[in-house]
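The structure under discussion appears below in the form of C-alpha cells.
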Amino acid sequence: MSAAPDARESLAEIVAAVARAEGSPEQPAVSARISILRNYTIEPVEPFLKSQLYRAGIRPDVRFGGYDTVAQDLMDAGSGLLEPAPDILVLSLMLDILEPDWNAPGWSAEGLRDRLAGLWEMAASKTDALIVLNTFLPPSYPAGGTIVSRATSCAEEQILQTNRSVREFARERPDRFFVADWERLLRVLGEQESLDRRYWYLAKAPFRRAFLEAYALEIVKLARALKGRTKKCLVLDCDNTLWGGVVGEEGLQGIQLDRNEYPGKAYFDFQRSVLNLAERGVLICLCSKNNEEDVWEVLDNHPDCLVKRSHLAGWRVNWQDKATGIAGLAEELNLGLDSFVFVDDDPAQCELIRQALPEVEVLQTPAKLYTYADLLLRDGLFDTLGATDEDRQRAALYQTEARRREARTKFGDLDGYLRSLKIRADIHPVRPEELPRAAQLTQKTNQFNLTTRRYTEAQVAAMAASPDWSVWTLSARDSFGDMGLTGVLIARRDGSVGVIDTYLLSCRILGRELEYAFAETVMSALERLWGNSDWRASYIATLKNAQVAGFWQSFGFSVTAEDGDETFLTVAASRRVRYTKDLVEISFAEEQLWKNESGK
C-alpha cells in the first residue's frame, strides 16, 4: 500500500477511511502513541496522520495538548499526554505565538533560542519518547525590500540562525531528537500549497492540506522506523529503470546514462539515490528480464554507471517472470516480502507484482523523468532512526553469506558444516559504542524476535545503566569473515526471578546454533551474578516470528499462562535445560561481567 494518502482522495474520503479503520475489529497489532503539544491549531493534521499510520500497518493513538499550554502539559502528569508514555512526542510551535514581535525592526531571537533549548530539555526529562521539533517559517518577503541588509538583527537572518540551532540541537542528541523541517517542506511545496493566511487569522490554523500531509509523513516516517515497519531491500529492473533504453538492443554506448546530459543524467542521479540508500544499509538487488552478460557489461564497464556488482546483495537477471524472481530473492535473503520495494518502468510488470506479491511496495518510473531522482527518498520508505557500521557493510555481509550457502552444499551433515566454519561468538554486556546498533536491532528485527518490543537508543541505555536490568550483545565471525553485531538479549531482575524481556537475532545468522549458545551463555552468567531461583520469559506471536514459538521450551521452560497473542513461560533455574554443544567457540570474560555490574 502507498506510504501516503492518494492525492486524488478528498478529505472526506480520508476521514471516512480512518473512521472505517478505527471501527474495524481487526486492528493492526503494532500501535504508536503520539502526543502533540502545540501553540496553534494543528488538529487538522489528525486524519492525515492516522490515515498514513494505518497504511503503514500501525494502529494510531494520537493526542493533542491544549492550545499554547506546552510547558503546562509537560509538567502535568495527569494530562494523559505523557501517561501512558508516548512513543513520539511532537513539539509543534509557531513563531508568531512564541514571538509576536518577530518581524519588528531590531528583533533578536537570542532569548527565543535559550527558551526553546530549555523547553526541549524539559521535554527530554519528562519522557523517554522520541521528540520531534520543527524549524520555523521565514518571512515571505524581506522587510528591507530589495536592500540586502548587513544587519544580523533582520528577521530573515534571525530565523535562519534559529533554524540552524534547532537542527544542531537535534544533531547533538540523535538518540532522542528529530526535526520536521518546515523550512524544507515550504521550499518543496511552495507557499501557495502550504499556507492559508485566511484561516491563520480566523482560527490560528495556518496550513493547507499539502503541508499537513507532508508534516504528517515526517512524523509517520519516525513511527515506521521505531516500530519496525520500514523497508529493507530495494529491487530494481534494469532497462529504462537503472538506465534509459534497452541494452540488449542498443549496446553499452547506446543506452541513456550520463552524468551531464539529460535524459541520461536523470538515471545517473537516480543511481546516486540508490547508492545513498546502500550506504544506509538498504539491500540492493536486481530483478530484470535481460541477458546477464549485458547487464554486467553496463555495471562493470559503463563510465557513468554508479551501481556496481559490489553493491548487490542478490539478483535475478533472466527471462523468468519477475514475481518468481522477487520471491526467490526474499527466500535467499531470508526477508519477508513486506521488506521489499520494487521499481520498474513497465506498468504491466508493476501491476503483476502488485497482484502476485501484494506485500511488496511497487514504484513505477515516473513519466516526468526529471522527478526520478527523488522517487526513492520522498516517502521515507527506508528511513531508520540511525545508521551503524553494520549498515554500511550490509551488502558485503550478504555476499559473504552467499559463499557460506555454497559451502554448505559440500557437507552431508549440518554439524560437520558448522564445525568447518569455526564460528566464534563474542558475548558481553552492551558497550556504550554498541547502543545505537542494539537499539536498531530491536526496531528492525522481526523473524527471530521473541517479543518484538521496540526500544530507542535512550531506552536501551537506561536499561543498561540500571542495577535491575542487564543488556547483552552477540557479535560473531567465522572462517568466511565478520558477521557483525547480530544479537541482543535484555533481562531484568524481579526479586528472585530473572525476566527475559527481549531476545532477538538477525536473520542472517540463524541456523548456526548461535541462538542457543547466546541464550545459554547469558542465562548462566546472570544466574551466577543474580543468584535467581527462577526464569520467566514470554513469546508474543506476530505474523513473522512463528519460527521461534517453541524456543524457550527447548531450554525447559513451561507455559504458565496466555493472554491474547502473548504466551508466558517459566522454569526453575536449577531445572533449566543446558545447551552443551561445542559447535560455537564462546569469547566471554567473566571478570568483565562483574566489573560492569559493580560499576552501575
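Note that these values count all heavy atoms, side chains included, but never hydrogens, waters or copies made by symmetry.
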Test log, rule salt bridge (Lys or Arg N to Asp or Glu O under 4.0 Å), inputs Asp383 and Arg280: CA-CA 9 Å; Asp383 282 7; Arg280 286 157 47 182; 2.9 Å; yes
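- Residue Glu433 places its CD atom among more than 12 non-hydrogen atoms of other residues, nucleotides or ligands, all under 6.0 Å distant.
- Salt-bridge annotation for Glu279 and Arg394: absent, with no side-chain N of the basic residue lying under 4.0 Å from a carboxylate O of the acidic one.
- Between Val274 and His311 the shortest side-chain heavy-atom distance does not fall below 4.5 Å.
- Between Cys287 atom SG and Ile326 atom CD1 the span is 5.0 Å, to the nearest 0.5 Å.
- Scored by the ring-ring contact (aromatic ring centres under 6.0 Å, His included) test, Phe555 finds Phe551 as partners (sequence neighbours excluded).
- In plain terms, the two heavy atoms of Ala461 and Leu435 that are nearest each other are CB-CD1, 3.8 Å.
- Taking CZ from Arg508 and CG from Leu397, the interatomic distance works out to 4.5 Å, rounded to the nearest 0.5 Å.
- Taking a cutoff of 4.0 Å between a charged side-chain nitrogen and a carboxylate oxygen, Glu172 and Arg167 do not qualify as a salt bridge.
- Between Gly511 and Leu414 the shortest heavy-atom distance is O-CD1, 4.3 Å.
- The pair Arg184-Glu218 meets the salt-bridge criterion, since a charged nitrogen lies less than 4.0 angstrom from a carboxylate oxygen.
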Evaluation steps, side-chain contact (heavy atoms from CB on, under 4.5 Å), between Gln443 and Thr384: CA-CA 9 Å; Gln443 296 153 14; Thr384 61; 5.9 Å; no
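- Classified by interplanar angle (parallel below 30°, tilted 30° to 60°, perpendicular above 60°), the ring pair Phe518/Tyr503 is tilted.
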Determine, step by step, whether Gln52 and Arg55 satisfy the side chain to side chain donor-acceptor pair (under 3.5 Å) criterion, reporting the C-alpha distance in whole Å, the side-chain angles of both residues, the deciding distance to 0.1 Å, and the verdict. CA-CA 5 Å; Gln52 293 180 37; Arg55 288 168 185 263; over 6 Å; no
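- With hydrogens and angles disregarded, no donor-acceptor distance shorter than 3.5 Å links the side chain of Glu562 to the backbone of Phe568.
- With salt bridges taken as basic N to acidic carboxylate O contacts below 4.0 Å, one links Arg404 and Asp478.
- Contact record, Cys233 with Leu333: SG-CD1, 4.0 Å, taken as the closest heavy-atom pair.
- Side chains of Thr135 and Asp181: a donor on one and an acceptor on the other come within 3.5 Å.
- Side-chain contact between Leu222 and Leu385 is present, with at least one heavy-atom pair separated by less than 4.5 Å.
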Would Val343 and Leu375 count as a side-chain contact (heavy atoms from CB on, under 4.5 Å) here? Give the steps. CA-CA 9 Å; Val343 183; Leu375 179 70; 4.1 Å; yes
Test side-chain contact (heavy atoms from CB on, under 4.5 Å) on Arg454 and Thr452 and set out the steps. CA-CA 6 Å; Arg454 314 297 186 180; Thr452 59; 4.1 Å; yes
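- Arg176 contributes a side-chain N or O that, together with a main-chain N or O of Ala129, makes up a donor-acceptor pair within less than 3.5 Å.
- Using a cut-off of 4.0 Å between Lys/Arg side-chain N and Asp/Glu carboxylate O, Arg419 and Asp582 are scored as salt-bridged.
- Cation-pi contact between Arg493 and Trp469: absent, since separation from the ring centre below 6.0 Å together with deviation from the ring axis within 45° is not met.
- Looking only at side-chain heavy atoms (C-beta outward), Leu236 and Ser288 stay at 4.5 Å or farther from each other.
- Side-chain atoms of Gln459 come within 3.5 Å of backbone N or O of Thr456 as a donor-acceptor pair.
- Taking the charged nitrogens against the carboxylate oxygens, Glu527 and Arg578 do have a contact shorter than 4.0 Å, which makes a salt bridge.
- A 4.5 Å side-chain heavy-atom check between Asp87 and Lys227 finds at least one atom pair inside the cut-off.
- Nearest heavy atom pair, residue Thr473 against residue Ala438, reads CG2-CB, 4.5 Å.
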Audit row: Asp128, Tyr455, side chain to side chain donor-acceptor pair (under 3.5 Å) steps and yes/no: CA-CA 10 Å; Asp128 290 332; Tyr455 292 119; over 6 Å; no
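- Using a 4.5 Å cut-off on side-chain heavy atoms (C-beta onward), Val295 and Leu286 make contact.
- Every residue was checked against the side chain to side chain donor-acceptor pair (under 3.5 Å) condition with Asp563, not counting sequence neighbours, and none meets it.
- The two residues Ile284 and Ala278 make their nearest non-hydrogen contact at CG1-CB, 4.0 Å.
- Note: Trp552 and Phe557 have tilted aromatic rings, judged against thresholds of 30 and 60 degrees for the angle between ring planes.
- Taking CZ of Arg378 as the reference point, atom OG of Ser273 lies at 11.5 Å (rounded to 0.5 Å).
- For the pair Met523 and Leu526, the minimum side-chain heavy-atom distance is 4.5 Å or more.
- Side chains of Tyr539 and Asn545 form a contact here, defined as non-hydrogen atoms less than 4.5 Å apart.
- Taking Glu520 as the reference, Ser524, Arg576 meet the side chain to side chain donor-acceptor pair (under 3.5 Å) condition, with sequence neighbours excluded.
- Within the 3.5 Å criterion, the main-chain N or O of Leu377 finds no donor-acceptor partner in the side chain of Asp374.
- Between Glu168 and Arg171 there is a salt bridge, with a side-chain nitrogen of the basic residue lying less than 4.0 Å from a carboxylate oxygen of the acidic one.
- Salt-bridge formation is detected for the pair Glu566/Arg453: a Lys NZ or Arg NE/NH1/NH2 atom is positioned less than 4.0 Å from an Asp or Glu carboxylate oxygen.
- Taking NZ of Lys544 as the start and CG of Leu335 as the end, the distance is 8.5 Å to the nearest 0.5 Å.
- Taking the side chain as every heavy atom from C-beta outward, Ser538 and Leu450 never approach each other to under 4.5 Å.
- Here Lys322 pairs with Asp237, Asp344 under the side chain to side chain donor-acceptor pair (under 3.5 Å) rule; sequence neighbours left out.
- With rounding to the nearest 0.5 angstrom, the CG atom of Leu357 is 5.5 Å from the CG atom of Leu337.
- Aromatic pair Phe169/Trp120: ring centres closer than 6.0 Å.
- Residues meeting the salt bridge (charged side-chain N to carboxylate O under 4.0 Å, His left out) test with Asp175, sequence neighbours left out: none.
- From Leu363, atom CG reaches atom OG1 of Thr241 across 11.0 Å, with rounding to the nearest 0.5 Å.
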Run Glu401 and Asn334 through side chain to side chain donor-acceptor pair (under 3.5 Å) and show every step you take. CA-CA 11 Å; Glu401 190 58 34; Asn334 197 20; over 6 Å; no
Could you give the side-chain donor-acceptor pairs of residues 482-492 under 3.5 Å, partners two or more places apart or in another chain?
{"residue": "Asp482", "atom": "OD1", "partner": "Gly484", "partner atom": "N", "Å": "2.8"}

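- Annotation for Ser420 and Ser479: closest pair O-OG, 3.7 Å, computed over non-hydrogen atoms.
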For salt bridge (Lys or Arg N to Asp or Glu O under 4.0 Å), just list the numbers for Asp300 and Lys308, CA-CA rounded to whole Å, side-chain angles, deciding distance to a tenth of an Å, and then say yes or no. CA-CA 6 Å; Asp300 294 343; Lys308 304 295 184 183; over 6 Å; no
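- Ion pairing of Glu332 with Arg405 is present here, as a side-chain N (NZ or NE/NH1/NH2) and a carboxylate O approach within less than 4.0 Å.
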